[in-house]
Amino acid sequence: MTTKDFDFSAQPLHQFAKNALKQGDLAQMRAAVAAQLEADIKTLFAAVRLPEPLGEASVYAMANGGKRARPLLAAAAFLTANSAKCGQACDEQALSMLRRASLAVELVHGYSLVHDDLPCMDDDELRRGKPTCHVVYGENVALLVGDVLQSLAFEVLTAKLPDFAPADEQVAARLMAVFAPRARRMVAGQMLDVMGEQRALSQDELQAIHSDKTGALIEAAVLMGGICAQLDDNELAQFAEYAKQLGLAFQVQDDVLDATGDTATLGKPAGSDDKLQKSTYVKLLGVQKAQQYADELYAKAMASVAAFQASKPSELSKTSDENLLNQLALWLKGRDK
């Protein structure tokens, strides 16, 4: 079967991407990405047929809402790149690969959260306002949930799945080349984070941890979106700078929210960093200076996208303050959880 044999009229992301009037609307994109991801999660787990309770627990972990920041970044990178390069409608094959990439990144993120919450790690009982996976299904099942989500993340890049066009093997190879090392870096960052508990870390040490623990998957999401839009390596380097600055800003802001937010708003226990005696940007800089640092990093991220768009001939590239990557940065900057 080829892409022409598939009907994508019911796929929310395909419809959003084809409507030029909506492409600059962040609220519309958030709704389309959330609906598409929910549908694709259902499609995936219906197709792989995991034994119970592993299947149910995996869906519980993946369908528990959240910001969906990484799939949003992948979609925003794709649409920003596509508009700046040619300003034309997105093709179905590229959009189907974008969906695979978005699902892959969110699966690894989901696995990391399930494992982070385990008693041997952060020992949290609340995630996004609901009991964590191990509280509902037991530690042994939660451990296996994390394992299978990680393996599925790589499988979805090339697997034959209902409602997806056949995978583009060349694009899939490029996606794997940026995704796999960043998934590994995320785990390396978690190890450094564990080793840093009950220690006073320097700002350089904190940055080394969070560039991997938090930043690596954010980098993966942005770069994978760019790859699906056929950016070359030089163009991807500009997107990588955006992702690097945004990933660190995201973590600094998380530290601020953990110190200043409440459990009801955050959807997870407030003050968990203090409980584990972790070094944070708030402990190092104070709340005000940490928030100022986050704001500076967000500004640097947005400047990177402006530089990318300024180099493109399309009239759509001139609205650097309105592109979806920078709209998304502003939205993340203003979040309260």
Side-chain angles (χ1 to χ4, degrees), residues 1-49 58-59 62-83 85-110 149 152-172 174-175 179 220-222 224-231 323-325 327-328:
M1 298 180 73
T2 67
T3 303
K4 293 181 180 180
D5 297 315
F6 289 79
D7 178 11
F8 296 105
S9 61
Q11 303 302 327
L13 187 58
H14 290 251
Q15 294 310 302
F16 172 80
K18 284 182 171 296
N19 190 330
L21 295 177
K22 292 182 180 179
Q23 278 197 21
D25 189 325
L26 179 61
Q28 292 277 5
M29 187 187 78
R30 287 177 57 200
V33 168
Q36 189 66 68
L37 191 65
E38 181 180 352
D40 290 343
I41 288 169
K42 290 180 180 178
T43 296
L44 172 64
F45 286 102
V48 297
R49 297 182 180 180
S58 297
V59 172
M62 288 300 299
N64 195 12
K67 294 177 287 295
R68 304 303 195 192
R70 291 150 193 83
L72 283 170
L73 283 164
F78 176 89
L79 292 166
T80 298
N82 190 75
S83 293
K85 283 174 73 69
C86 57
Q88 65 186 22
C90 311
D91 69 73
E92 305 287 15
Q93 176 79 26
L95 284 165
S96 192
M97 290 306 296
L98 173 65
R99 287 165 53 202
R100 290 177 184 272
S102 299
L103 187 53
V105 175
E106 192 69 358
L107 283 162
V108 165
H109 178 56
L149 294 183
L152 285 170
F154 295 92
E155 184 177 347
V156 296
L157 293 177
T158 56
K160 292 181 180 179
L161 292 169
D163 301 326
F164 284 81
D168 182 320
E169 293 184 1
Q170 289 186 332
V171 173
R174 290 187 74 200
L175 292 174
F179 184 41
V222 173
M224 291 167 84
I227 287 169
C228 291
Q230 299 293 338
L231 291 189
N323 72 72
L324 285 166
L325 277 175
Q327 285 187 56
L328 194 52

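Side-chain atoms are counted along with the backbone in the values below, which use heavy atoms only and exclude waters and symmetry mates. Every value quoted in this text rests on a predicted model; they were computed, and no experiment measured them. Index from 1, following the sequence.
Two residues are said to be in side-chain contact when any heavy atoms from C-beta on lie closer than 4.5 Å; H14 and R99 meet this criterion. Side-chain contact between M62 and F45: present, with at least one pair of heavy atoms (C-beta onward) separated by less than 4.5 Å. The shortest distance between side-chain heavy atoms of M29 and Q327 does not fall below 4.5 Å. Between K67 and L72, every side-chain heavy-atom pair lies at or beyond the 4.5 Å cut-off.
Nearest heavy-atom pair across A47 and P162 is CB-CD, 4.2 Å. Contact record, L325 with T80: N-OG1, 3.5 Å, taken as the closest heavy-atom pair. The minimum heavy-atom distance linking A76 with L328 is given by the pair CB-CD2, 4.1 Å.
The side chain to side chain donor-acceptor pair (under 3.5 Å) test applied to R100 returns no partner, not counting sequence neighbours. A search for ring pair (Phe, Tyr, Trp, His ring centres under 6.0 Å) contacts involving F154 returns F179, not counting sequence neighbours.
To the nearest 0.5 angstrom, E155 atom CD is 10.5 Å from L103 atom CG. To the nearest 0.5 Å, atoms CG (L13) and CZ (F78) are separated by 8.0 Å. Between the CG atom in D40 and the CD atom in Q11 there is a gap of 6.5 Å [rounded to 0.5 Å]. To the nearest 0.5 Å, the span separating CD on Q15 from CG on L95 amounts to 10.0 Å. To the nearest 0.5 angstrom, M97 atom CE is 8.5 Å from T158 atom OG1. Rounding to the nearest 0.5 Å places CD of Q36 at 8.5 Å from CG of D163.
When each of S102, P71, P12 is checked for a side chain to side chain contact (heavy atoms under 4.5 Å, CB included) with V33, only P71 meets the rule. When each of V105, D168, L157 is paired with L175, the side chain to side chain contact (heavy atoms under 4.5 Å, CB included) condition holds for L157 and for no other.
A donor-acceptor distance shorter than 3.5 angstrom exists from the side chain of Q93 to the backbone of P166, with no hydrogens or angles considered.
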